[in-house]
Structures are given as structure tokens and as C-alpha cells.
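Comments concern the structure below.
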There are 2 protein chains.
Amino acid sequence: MKSKETEISIEKMEKIADILKAIAHPVRLEILKMMNNSEALNVAQIMELTGLEQSLISHHLIKMKDKGVLKSVRNGRNINYSLVDPSILRLFDCIKNCNFI
Amino acid sequence: MKSKETEISIEKMEKIADILKAIAHPVRLEILKMMNNSEALNVAQIMELTGLEQSLISHHLIKMKDKGVLKSVRNGRNINYSLVDPSILRLFDCIKNCNFI
DNA sequence: CAAAAATATGAAAATATGTTCATATTACAT
DNA sequence: ATGTAATATGAACATATTTTCATATTTTTG
């Protein structure tokens, strides 16, 4: 049987893994990066910038929103998505600073 | 058709996503964290610390090794795994610093 | 109010990942 | 040489993720 400490650690790691998984996808990473440049973007703009279809973008955005990485605010018939916390973008540097990339 | 810039960006993002995916799993995160404390660990030690079975640990270690996150060196009949670049652990703080955790 | 624009939703299909189990390999000890 | 400990491998299975497609919802415009 596992120790209490291990259990707790697993739980914490699950949370972190969950957020990392929300981000660990080429399209979603691209979206995040684009948001760094232009703050908030709606679905149409992301479609334009990525060349991907509406539904796919929507699914990706909603997944990131569900995990707390993005937030959205409606503006007429558009919905603007933006980063909940732009410091998440440090992840990029973090990875790039490692030897293996 | 996609622009050259987009293609290049997608490629870069794929690499980053690949590394994030290699890490985005509770067990693998735990292993990484344990390695921070004790530098190098062999499979038996990780089994002991996590309470998980040999083959599963092995699969996880090898996945991380394949992605360049871990390296291994044999020592008798043990194999010691360790971080290729300990700065990868900044990811933990990076995530924790974000509001949403 | 009807039509159109922007986005969301949900099911189905395709693909990828995680886990288990049995077996193979490697190195050491006797 | 044989046995045993430590780890790797690979196939089978279970589960999760990604993508597509068709349709629904929401808001604006005429």
C-alpha cells in the first residue's frame, strides 16, 4: 500500500499533468503563442491564422478553457479567447532552455 | 494552403509538444521530481518509491529517455536513470506560478 | 420575424497512449 | 555453466485523445 505522502504527491502531479496535457499539442501551443502577441483572439481569427477548420479550433479552445488555461468573453457574435495567466508562456522558454530541443 | 511561416511554427510546436507529452503524466512527473532530489535512480528504487510494477516503470523511463528527457547508464545489473537537463524541473514552478493551480 | 454569421456541441471514426502480462536479455554470483 | 537479480521488450488490451462531420445555439441584420 502506498504511503500518504505518495498519495498526496500523485494527486499534485495529476493536477500538473492535467494542465500540461491541456497544452501539449502543436495546435494548442500555436494558439497560445498567438495569444501572447495579440492578447485576445476570436475563433475566426485563429482559423485564419492557422488555416484549420472551425470545429477543430473550437474544440481545442474549449479544452484549454475547461482546464483553466484560457478564458473567453463574448463580443457580439464573436467570442474572444485569451490567456488566464500569460506567465504560462514561460513554459516555452523553459523547454527551449533545456539542452534537448 | 498554409504559409511557410505557419509550417515552420507548426514544426517547432510539434517538437515542444512532443517533449511536453513525454512529461505530462502523473507517474512520469513524480519520477522527474524524485530525480531532482536524488540525482540518479535505478528502476528498483523507483518501483520502491512509487509502489508501481517493474514493467510499467520501465516503459515510462524508456519513453522519457527516447524523448531526450532522461539518460541512463548501466551499473552492474542496475541501470541508473537521471535527468539530461535538470532545468526541466523549472516547469514545475512555471506551472505552479500560474494562477490556475 | 427570417436569414445569415459566428461559434458550440456531440457522435463517429481514426489514432495514440497507458497498462498488464508473459517472456527475453544482461550481468553477476556460485 | 547454471541460477538468479535487474531490467527491457513486445503483444494484447483498455482507455483517452484528436479529428471530422453534421447539426444546434446565439446574436446580429434586414
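The sequence lines fix the lettering, A, B, ..., with proteins before strands; numbering per chain opens at 1.
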Notebook entry, point to check: End-to-end bend of the helix from dC1(C)-dG30(D) to dT30(C)-dA1(D) (five-pair axes, 10° rounding)?
Noted result: 10°
Notebook entry, point to check: In chain order, what residues pass the salt bridge (Lys or Arg N to Asp or Glu O under 4.0 Å) check against Asp93(A), with sequence neighbours excluded?
Noted result: none
Checklist line | Residues that Asp18(B) engages under side-chain hydrogen bond (donor to acceptor under 3.5 Å, both in side chains), provided they are two or more places apart | finding: Lys67(B)
Item checked: Counterpart residues, side-chain hydrogen bond (donor to acceptor under 3.5 Å, both in side chains), relative to Lys71(A) (two or more places apart) -> none
Checklist line | Counterpart residues, side-chain contact (heavy atoms from CB on, under 4.5 Å), relative to Glu48(B) (two or more places apart) | finding: none
Notebook entry, point to check: How long is the line joining NZ of Lys65(B) and P of dT7(D), in whole Å?
Noted result: 13 Å
Notebook entry, point to check: Can you tell me if Arg28(B) uses its side chain to pair, donor with acceptor, with the backbone of Glu30(B) under 3.5 Å?
Noted result: no
Check: Quick one: does Ser55(A) reach the base of dT7(C) with a side-chain donor-acceptor pair under 3.5 Å?
Finding: no
Next item on the list: Hey, could you give me each pair passing ring-ring contact (aromatic ring centres under 6.0 Å, His included) that has a residue in residues 62-81 of chain A? Not counting sequence neighbours.
Entry: none
Check: How many Å lie between CE on Met64(A) and P on dT7(C), as a whole number?
Finding: 15 Å
Check: Which is true for Ile62(B) with a 4.0 Å heavy-atom rule: it touches a base, it touches only sugar-phosphate, or it touches nothing?
Finding: sugar-phosphate
Note to self: Tell me if the side-chain of Gln54(A) makes a donor-acceptor pair with the base of dA6(C), cut-off 3.5 Å, by modelled atom types.
What the structure shows: no
Note to self: What is the distance, to the nearest angstrom, from the CG atom on Leu41(B) to the P atom on dT7(D)?
What the structure shows: 11 Å
Checklist line | Summary of ring-ring contact (aromatic ring centres under 6.0 Å, His included) pairs that have at least one residue in residues 36-56 of chain B, sequence neighbours excluded | finding: none
Check: What residues form a side-chain contact (heavy atoms from CB on, under 4.5 Å) with Glu39(B), not counting sequence neighbours?
Finding: none
Notebook entry, point to check: Quick one: is Ser58(A) getting a side-chain N or O under 4.0 Å of the dA8(C) phosphate, OP1 or OP2?
Noted result: yes
Could you pull out the protein-nucleic contacts involving nucleotides 15-19 of chain D (nitrogen or oxygen on both sides, under 3.5 Å)?
unit_1  : atom_1 : unit_2   : atom_2 : d
dT18(D) : OP1    : Arg28(A) : NH2    : 3.1
dT18(D) : OP2    : Arg28(A) : NH1    : 3.3
dT18(D) : OP2    : Lys63(A) : NZ     : 2.6
dT19(D) : OP2    : His25(A) : NE2    : 3.2
dT19(D) : OP2    : His60(A) : NE2    : 3.0

Checklist line | Leu29(B) CG to dT17(C) P, straight-line distance once rounded to whole Å | finding: 16 Å
Next item on the list: Sort and list the pairs that fulfil ring-ring contact (aromatic ring centres under 6.0 Å, His included) and have at least one residue in residues 53-77 of chain B, not counting sequence neighbours.
Entry: His25(B)-His60(B)
Notebook entry, point to check: Taking Arg90(B) for the side chain and Asn97(A) for the main chain, is one N or O donor matched with an acceptor at less than 3.5 Å?
Noted result: no
Note to self: Under the rule for salt bridge (Lys or Arg N to Asp or Glu O under 4.0 Å), what residues qualify as partners of Lys65(B), not counting sequence neighbours?
What the structure shows: none
Item checked: Euclidean distance, atom CG of residue Asn42(A) to atom C1' of dT27(D) [Å, nearest integer] -> 14 Å
Note to self: Can you list, in residue-number order, the parts of residues 70-82 of chain A that come under 4.0 Å of DNA chain C, counting heavy atoms only?
What the structure shows: Arg77(A), Asn78(A), Ile79(A), Tyr81(A)
